[in-house]
Amino acid sequence: QVQLVESGGGLVQAGGSLRLSCAVSGRTFSSYAVGWFRQAPGKEREYVAAISWSGGNTYYADSVKGRFTISRDNAKNTVYLQMNSLKPEDTAVYYCAAGAYPASYLRGYDYWGQGTQVTVSS
């Protein structure tokens with residue numbers, strides 16, 4: 001079984017930065033791809049970024065490309081999402097998820113965290 005716990009969310013002004021962490025339990029963490037998704041109030045959950053099991057391949061939604069960076073430290077069983085140049089439209093609950101491949105769709109992941117709130121004020 002794999003469990004994921006997000007942290008690092010909070011309130012930040014537009015143009016600011018936050019770094020989210022996703023701590024993953026389980027001995028096979030290094031074999032999983034990890035994705036980040038977000039869900040704003042009244043909207044569907046949407047893909048943000050994903051990283052392969054080795055960390056050698058990263059993928060981003062167009063809306064965050066150039067501003068967000070996904071990375072992982074397999075020795076610490078943790079995946080990070082560095083978010084720079086934040087905008088009010090980035091406000092959402094951010095979720096990390098683990099699966100076999102770095103997919104851009106929800107069904108590509110088997111395990112999900114509970115989410116962390118990110119609020120960007122204008």
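Atom CD of Gln39 has more than 12 neighbouring heavy atoms from other residues, nucleotides or ligands inside a 6.0 Å radius. In this structure, Gln82 places its CD atom where more than 12 heavy-atom neighbours from other residues, nucleotides or ligands lie under 6.0 Å away.
The shortest heavy-atom contact between Leu4 and Cys22 is CD2-SG, 3.6 Å. Shortest non-hydrogen contact noted between Leu11 and Ser121 is CD1-CB, 4.3 Å. For the pair Tyr59 and Pro102, the tightest heavy-atom approach, listed with the atom from each and the gap, is CE1-CG, 3.6 Å. The heavy-atom pair separating Leu81 from Ala49 by the smallest distance is CD1-CB, 4.3 Å. Nearest heavy-atom pair across Ser21 and Thr78 is CB-CG2, 4.2 Å. When all heavy atoms of Thr91 and Val120 are compared, the closest pair comes out as OG1-N, 2.9 Å.
Using a 4.5 Å heavy-atom threshold, the side chains of Val2 and Tyr32 count as touching. For the pair Asn57 and Ile51, the minimum side-chain heavy-atom distance is 4.5 Å or more. Between Tyr80 and Asp73, some side-chain heavy-atom pair lies under the 4.5 Å cut-off. Taking 4.5 Å as the limit, some side-chain heavy atom of Leu18 sits within range of a side-chain heavy atom of Leu86. Proximity of Val79 to Ile70: side-chain heavy atoms (C-beta onward) are separated by under 4.5 Å at one or more points. A heavy-atom distance below 4.5 Å is found between the side chains of Arg72 and Val34.
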query: Between Phe37 and Tyr109, is a ring pair (Phe, Tyr, Trp, His ring centres under 6.0 Å) present by the stated rule, with each step listed?
result: CA-CA 11 Å; Phe37 291 76; Tyr109 295 89; 5.4 Å; yes
- request: Begin with the C-alpha distance, continue with both residues' side-chain angles, and end with the deciding distance and a verdict on side-chain hydrogen bond (donor to acceptor under 3.5 Å, both in side chains) for Arg38 and Tyr94.
  value: CA-CA 4 Å; Arg38 65 187 182 187; Tyr94 283 71; 3.0 Å; yes
query: Can you check side chain to side chain contact (heavy atoms under 4.5 Å, CB included) on Trp112 and Leu106, steps first, answer last?
result: CA-CA 10 Å; Trp112 290 82; Leu106 276 67; 4.0 Å; yes
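Rounding to the nearest 0.5 Å places CD of Gln1 at 10.0 Å from OG1 of Thr28. Between Glu6 atom CD and Gln117 atom CD the span is 12.0 Å, to the nearest 0.5 Å. Atoms OG and CG, on Ser7 and Leu20 in that order, are 8.0 Å from each other to the nearest 0.5 Å. Within the model, atoms OG1 of Thr119 and CD of Gln13 stand 13.0 Å from one another, a figure rounded to the nearest 0.5 Å.
Stacking of Arg45 on the aromatic ring of Tyr95 is recorded, both the 6.0 Å distance cut-off and the 45° axial limit being met.
A side-chain N or O of Asn84 and one of Ser17 form a donor-acceptor pair less than 3.5 Å apart.
Asp90 has no carboxylate O lying under 4.0 Å from a charged side-chain N of Lys87, or vice versa, which leaves the two without a salt bridge.
Tyr111 and Val24 fall within a single hydrophobic cluster, where Ile, Leu, Val, Met, Phe, Trp and Tyr are joined by side-chain heavy atoms under 4.5 Å apart, directly or via other members. A single hydrophobic cluster is seen to contain both Trp36 and Phe68, as judged by linkage of ILVMFWY side chains at heavy-atom distances under 4.5 Å, directly or through other members. Both Tyr60 and Met83 belong to a common hydrophobic cluster when Ile, Leu, Val, Met, Phe, Trp and Tyr are linked at side-chain heavy-atom distances under 4.5 angstrom.
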